[in-house]
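A note on names: the letters A, B, ... follow the listed sequences, proteins ahead of strands, and every chain is numbered from 1. Since the model is a prediction, treat every value here as computed from it, not as a measurement.
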2 protein chains.
Amino acid sequence: MNEHQTRLEEVIAKLRANGHRLTPQRMAVLKVLVRDREHLNVEQIYEHVKADFPMTSLATIYKTVNVLKEMGEVMELGFHDDCARFDGNPCPHPHLICINCKKIMDIDIDDLDELPREVARRKGYQIISHRFEFYGICPRCQETSN
Amino acid sequence: MNEHQTRLEEVIAKLRANGHRLTPQRMAVLKVLVRDREHLNVEQIYEHVKADFPMTSLATIYKTVNVLKEMGEVMELGFHDDCARFDGNPCPHPHLICINCKKIMDIDIDDLDELPREVARRKGYQIISHRFEFYGICPRCQETSN
DNA sequence: TTACTAGAGGAAAATGATTATCTATTAGTA
DNA sequence: TACTAATAGATAATCATTTTCCTCTAGTAA
Ligand SMILES: [Mn+2]
Ligand SMILES: [Mn+2]
Ligand SMILES: [Zn+2]
Ligand SMILES: [Zn+2]
């Protein structure tokens, strides 16, 4: 469960190194995003943080998430038909998304790491990152629709 | 240049079959999206259409693009850090995106069609579609930044 | 411990892309 | 040619996100 405790501490250290502060609200955001590795939108993060700090403002979540994004410690996911989701793992990795319940999960797929290099070579682009996303209906939602 | 003329006519037929009308403004949108296969945002489509029909309203472009999207004849691209882009080819296919000039181009990559089936089998998901997108800096933008 | 100060929080207004509304117009059909 | 439902255009509304502005506090150093 505290599988990503180490990275949590790294991000905290980097925050301080960049002249930022570790407030209780920020700590709560970091816990849910970086340590627990959920793929949540701002509203959902807000609910988590409010459980501990009821006075929290939604703007604070937005500001915190943007600070983390600018530091490259969090990545933004999701498309235009839904609001933005955030991932505490900023390294590009494939996702599996249920279009019904909107759940986003990580998946492992071998042999994808070579693709960016291959594209860079063929097209002359300097590849910075990539996205591989699969959209479908999860097993639970398939049952429900019967 | 009129490589996709046939599909343009198919989309027109489908529009009519669904009880929609082919207006001059819609025809202009179809030409730039379906026939010319550009990856444009609403504002850019608007500029194209206004060249022929100066009184066109931006809302008309949004409505047309949404009709086409609901019919499954156009797909929406792009992420939260930019406004939506539209692709006249609704079949999932990989894209190469310059994060500097925002140009989006189609690329051919073999052996990607099996991936969705593989994921479906392993995870029990019913896969509907997918996205493969590579982000980088195009050759032209690499030169400019020297 | 205390004091200092730049960074952060909270509340609310502003923004910007997208959607909805409301008539007047018109494409498609008989 | 006439009819009618769909569409265009103009504009208001919506909604996620950003900005503003002022107060508060985390981190630091005396
Ligand atoms: Mn992830
Ligand atoms: Mn394309
Ligand atoms: Zn589901
Ligand atoms: Zn470029």
Side-chain angles (χ1 to χ4, degrees), chain A residues 9 11-31 33 39-71 73-86 102, chain B residues 9 11-30 33 40-71 73-86 102:
Chain A
E9 281 154 22
V11 174
I12 291 171
K14 189 161 176 182
L15 258 180
R16 293 212 166 99
N18 287 32
H20 292 293
R21 291 180 188 165
L22 182 63
T23 63
Q25 296 91 333
R26 261 180 200 176
M27 188 60 182
V29 173
L30 286 175
K31 276 180 180 166
L33 276 188
H39 299 88
L40 302 180
N41 62 33
V42 169
E43 203 71 41
Q44 292 168 323
I45 300 170
Y46 181 47
E47 293 307 321
H48 273 269
V49 176
K50 268 205 301 191
D52 287 333
F53 307 97
M55 300 304 290
T56 305
S57 168
L58 190 56
T60 297
I61 311 297
Y62 274 105
K63 283 184 260 194
T64 295
V65 146
N66 281 334
V67 164
L68 294 170
K69 207 172 62 171
E70 278 155 28
M71 294 195 330
E73 299 302 320
V74 147
M75 84 185 305
E76 195 171 344
L77 295 178
F79 293 89
H80 290 287
D81 44 12
D82 197 18
C83 56
R85 304 249 175 174
F86 293 89
K102 309 291 185 186
Chain B
E9 280 155 22
V11 174
I12 291 170
K14 189 162 176 180
L15 259 179
R16 294 212 164 100
N18 287 33
H20 293 294
R21 293 179 188 166
L22 181 64
T23 63
Q25 296 89 335
R26 261 180 199 176
M27 189 59 183
V29 173
L30 287 174
L33 277 188
L40 302 180
N41 63 32
V42 170
E43 203 72 40
Q44 293 168 321
I45 300 170
Y46 182 47
E47 293 307 321
H48 273 269
V49 176
K50 268 205 301 190
D52 287 333
F53 306 97
M55 299 305 289
T56 305
S57 166
L58 190 56
T60 297
I61 311 297
Y62 274 105
K63 283 183 270 194
T64 296
V65 146
N66 281 334
V67 164
L68 294 170
K69 206 171 65 174
E70 278 155 29
M71 294 194 329
E73 299 302 320
V74 148
M75 81 185 305
E76 197 171 342
L77 296 178
F79 293 89
H80 290 286
D81 44 12
D82 197 17
C83 55
R85 302 249 175 173
F86 293 88
K102 310 291 185 186

Legend entry - Whole-Å gap separating P (C:dG28) and CG (B:L15): 10 Å
Inset, instruction - Can you tell me the distance, in whole Å, between the NZ atom of A:K50 and the P atom of C:dA11? - result: 10 Å
Inset, instruction - Look at the side chain of A:T64 and decide which nucleotide, out of C:dA8, D:dA8, C:dG9, has an atom nearest to it. - result: C:dG9
Legend entry - B:R26 side-chain N/O to B:T64 backbone N/O, donor-acceptor pair under 3.5 Å: no
Legend entry - Nucleotide nearest A:R26 (side chain, heavy atoms from C-beta), chosen from C:dG28, C:dT19, C:dG9: C:dG9
Legend entry - Shortest side-chain distance from A:L22, nucleotide among C:dA8, D:dG27, D:dT17: D:dG27
Legend entry - Rounded interatomic separation in angstrom, taking CE from B:M27 and C1' from C:dT26: 18 Å
Legend entry - Rounded distance (Å) that lies between atom P of C:dT18 and atom CD1 of B:I61: 13 Å
Inset, instruction - Starting from the C-alpha separation in whole Å, work towards a yes-or-no answer on side-chain contact (heavy atoms from CB on, under 4.5 Å) for B:V29 and B:T60. - result: CA-CA 10 Å; B:V29 173; B:T60 297; over 6 Å; no
Legend entry - Phosphate-side-chain proximity, B:N66 and C:dT18, N/O vs OP1/OP2 below 4.0 Å: no
Legend entry - Criterion side-chain contact (heavy atoms from CB on, under 4.5 Å) against B:H48, the qualifying member of B:L40, B:T56, B:I61: B:L40
Legend entry - Candidates C:dG9, D:dG9, D:dA8 - which lies nearest the side chain of B:T23: D:dA8
Inset, instruction - Return yes if the base of C:dA8 and the side-chain atoms of A:R21 contain a donor-acceptor N/O pair under 3.5 Å, otherwise no. - result: no
Legend entry - Length of the line joining A:Q25:CD and C:dG7:P, which is rounded to integer Å: 17 Å
Inset, instruction - Check the pair A:F86 / A:H39 against side-chain contact (heavy atoms from CB on, under 4.5 Å), numbers first and verdict last. - result: CA-CA 6 Å; A:F86 293 89; A:H39 299 88; over 6 Å; no
Inset, instruction - Rounded off to whole Å, could you give me the CG-to-P distance for the B:N18 and C:dG28 pair? - result: 14 Å
Legend entry - Per B:T60 side chain, nearest of listed nucleotides D:dA8, C:dT18, D:dT7: D:dA8
Inset, instruction - Looking only at side-chain atoms of B:R16, point me to the closest of C:dA8, C:dG28, D:dA8. - result: C:dG28
Inset, instruction - May I ask you to evaluate whether B:Y62 reaches the phosphate of C:dT19, defined as a side-chain N or O under 4.0 Å from OP1 or OP2? - result: no
Legend entry - Selection from C:dA17, D:dA8, D:dT4 that lies nearest to any side-chain heavy atom of B:K63: D:dA8
Inset, instruction - Counting heavy atoms from C-beta on, name the nucleotide in C:dT18, C:dA11, D:dT18 closest to the side chain of A:M55. - result: C:dA11
Legend entry - Minimum-distance nucleotide to B:S57 side chain [options: C:dG28, C:dG10, D:dA10]: D:dA10
Inset, instruction - Please state how far atom CZ in B:F53 lies from atom P in D:dT7, giving the value in whole angstrom units. - result: 16 Å
Inset, instruction - May I ask you to decide if B:E43's main-chain N or O and B:N41's side chain share a donor-acceptor pair within less than 3.5 Å? - result: yes
Inset, instruction - Using whole Å, report how far NE2 of A:H20 lies from C1' of C:dA6. - result: 12 Å
Inset, instruction - Examine distances only and state if a side-chain atom of A:E47 and a backbone atom of A:Q44 form a donor-acceptor pair shorter than 3.5 Å. - result: no
Inset, instruction - Taking only the side-chain heavy atoms of A:A59 (C-beta and beyond), determine which of C:dT18, C:dA12, C:dA20 contains the nearest atom. - result: C:dA12
